[in-house]
Amino acid sequence: MDKSMLGDLDGLPEEDKMRMAAMVDQLQIRDSLRMYNSLVERCFTDCVDTFRRKTLDKQEESCVRRCAEKFLKHSMRVGMRFAELNQGVATPD
Amino acid sequence: MDKSMLGDLDGLPEEDKMRMAAMVDQLQIRDSLRMYNSLVERCFTDCVDTFRRKTLDKQEESCVRRCAEKFLKHSMRVGMRFAELNQGVATPD
Amino acid sequence: MDKSMLGDLDGLPEEDKMRMAAMVDQLQIRDSLRMYNSLVERCFTDCVDTFRRKTLDKQEESCVRRCAEKFLKHSMRVGMRFAELNQGVATPD
Amino acid sequence: MAAKGQPVNVQKEQVNMQKEQMFGLAEKEMEYRVDLFNRLTQTCFSKCIEKRHKEAELNMGENSCIDRCASKYWQVTNLVGQLLGNQPQM
Amino acid sequence: MAAKGQPVNVQKEQVNMQKEQMFGLAEKEMEYRVDLFNRLTQTCFSKCIEKRHKEAELNMGENSCIDRCASKYWQVTNLVGQLLGNQPQM
Amino acid sequence: MAAKGQPVNVQKEQVNMQKEQMFGLAEKEMEYRVDLFNRLTQTCFSKCIEKRHKEAELNMGENSCIDRCASKYWQVTNLVGQLLGNQPQM
């Protein structure tokens with residue numbers, strides 16, 4: 001989640017602006033923590049399927065690493081597209 | 001979600017009644033927006049599966065329309081049943 | 001969810017401690033109610049698949065009972081492991 | 001913030017808190033009902049409605065499936081509620 | 001809590017409430033946008049990214065799938081929004 | 001709302017806000033832990049427990065699966081946490 005996504009704070013009185021900014025901060029913290037949890041859940045579900053030992057084997061560990069890296073890159077790309085779509089930028093097919 | 005689902009405000013002092021009503025309003029707004037998002041997610045998931053172009057084709061678009069209409073009708077019907085069940089109305093098998 | 005999961009309240013002024021405790025209570029109530037809803041959803045999804053009648057048949061009912069009992073036992077076991085992992089207790093493979 | 005002010009503050013805080021807790025409880029109860037309704041709706045849509053969405057209307061089979069699904073879901077809610085009520089902890 | 005105090009309290013409460021509602025509305029609007037972004041992200045990850053995760057990089061096919069998926073998801077959001085706007089109730 | 005009142009209000013508001021932020025942070029942290037626990041529980045139930053629910057007891061295989069699943073889930077949480085910590089942004 002990008003802060004710019006959350007709209008414009010100009011034109012509000014100082015007191016309200018501060019309160020609004022605090023609200024945005026709180027939402028961002030909640031969103032980051034949920035994103036962390038959902039990333040763990042997804043990569044665990046995709047990569048871990050055997051329970052013969054209680055530690056990850058090499059293959060599972062590298063799958064989780066790639067999954068998490070990929071998800072972050074994916075998320076950044078979606079974020080850019082989302083910003084463009086929000087602003088009504090036309091892009092080629 | 002129907003407002004009646006959220007219980008009875010009679011018998012509270014005026015001040016609390018207003019606060020409770022405001023809370024119900026807030027919950028309804030949140031619920032409507034979540035419902036909107038979940039409807040989009042479901043109909044997208046059911047109807048869109050090819051990504052050779054960046055615009056919906058005719059078939060996908062009409063699938064989404066039917067999906068959304070159906071979901072709303074479904075949701076209204078579930079709402080009626082839910083209200084009956086809440087009130088303990090017996091209905092034939 | 002176990003109350004101990006939510007951290008330590010020592011060292012705070014009385015007023016804040018009370019507020020924090022109230023917050024923990026609120027979170028526990030919300031979590032219990034969500035857990036109830038998610039247990040119902042899961043056991044319904046796993047156990048009920050035919051809709052020729054509007055009441056559960058014997059088989060569906062006993063499946064739901066076993067599912068719910070199992071989930072509660074599972075949840076307690078995970079709670080114990082979670083507490084150990086939180087405290088960094090090493091356990092054999 | 002006077003020396004004797006603290007206990008009064010605490011007391012006042014306690015009264016406020018009881019009211020907050022009452023409102024908090026009412027809020028959680030409403031959230032619970034909304035959550036129940038939404039899960040029932042989503043679950044019965046998955047169980048009863050054909051995913052290809054060839055029609056915009058619910059057909060007769062789907063309509064009766066929805067009614068029965070809602071009724072059974074309600075029963076499961078009650079059944080699980082009884083089981084949880086008999087639990088030592090939750 | 002004087003006899004005449006109540007109406008003033010109620011009035012003041014009303015002004016506070018209007019402000020609270022405005023902030024509440026802004027909060028819900030932000031939550032909505034975050035929720036939309038997260039669902040779009042999760043859904044397009046499921047649709048476009050190979051589950052075995054053999055690579056840490058997004059390949060060209062995945063990248064263009066993501067772009068198109070985001071664009072189509074946005075279109076569905078608008079389409080469903082129009083349909084909901086025409087609904088008698090929601 | 002006097003001419004000089006504004007800055008004092010703002011200052012007082014600032015102090016209140018710092019406290020609110022502290023409580024807000026504590027709340028988010030608790031919500032995070034509850035969310036983690038619930039996802040671990042749901043995910044390991046899906047991975048370890050047979051869906052037909054023929055028994056009300058967890059058998060030995062299921063019990064050891066749960067223990068290992070919880071342990072591996074915890075490991076994945078730490079692993080992903082490290083990766084996120086090394087990210088330029090999140």
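So you know, we letter chains A, B, ... as the sequences are listed, proteins then strands, and number each from 1.
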Open item on the list: Using side-chain heavy atoms (C-beta onward) and a distance below 4.5 Å, is C/Thr55 in contact with D/Lys72?
Closed with: no
- [ ] Just give me the residue among C/Leu56, C/Val48, C/Val64 that pairs up with chain D most often, heavy atom to heavy atom, under 4.5 Å.
- [x]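 Among the listed options, the one with the most contacts to chain D is C/Leu56.
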Task: Among C/Ser38, C/Ala68, C/Cys43, C/Cys47, residue most engaged with chain D (heavy-atom pairs, under 4.5 Å) - done: C/Ser38
Quick one: what part of [X] sits under 4.5 Å from any heavy atom of chain C, side chain, backbone, both or neither?
X       : result
D/Thr43 : side chain
D/Leu79 : side chain
D/Leu40 : neither

Task: Salt-bridge contact D/Glu29-D/Arg33 (side-chain N to carboxylate O under 4.0 Å) - done: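 The answer is yes: the pair qualifies as a salt bridge.
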Task: C/Arg19 with C/Glu15: basic N within carboxylate O range, under 4.0 Å - done: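 Salt bridge between C/Arg19 and C/Glu15, a charged N being under 4.0 Å from a carboxylate O: no.
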TODO: Look at the side chain of C/Lys54 and the backbone N and O of D/Ala70, then say whether any donor-acceptor pair between them is shorter than 3.5 Å.
DONE: no
- [ ] Kindly check if D/Cys48 and D/Cys69 bring their SG atoms closer than 2.5 angstrom.
- [x]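 No disulfide here.
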Task: Contacting moiety of C/Glu61, where chain D heavy atoms sit under 4.5 Å - done: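 When you check distances to chain D, atoms from both the backbone and side chain of C/Glu61 fall under 4.5 Å.
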Open item on the list: Report which part of C/Leu39 has an atom under 4.5 Å of a heavy atom belonging to chain D: side chain, backbone, both, or neither.
Closed with: side chain
- [ ] Please lay out, stage by stage, how D/Lys28 and C/Leu27 fare under the test side-chain contact (heavy atoms from CB on, under 4.5 Å).
- [x] CA-CA 9 Å; D/Lys28 304 295 168 296; C/Leu27 283 175; over 6 Å; no
Task: Winner by heavy-atom pair count (cut-off under 4.5 Å) against chain C, out of D/Leu25, D/Asp35, D/Asp67 - done: D/Asp35
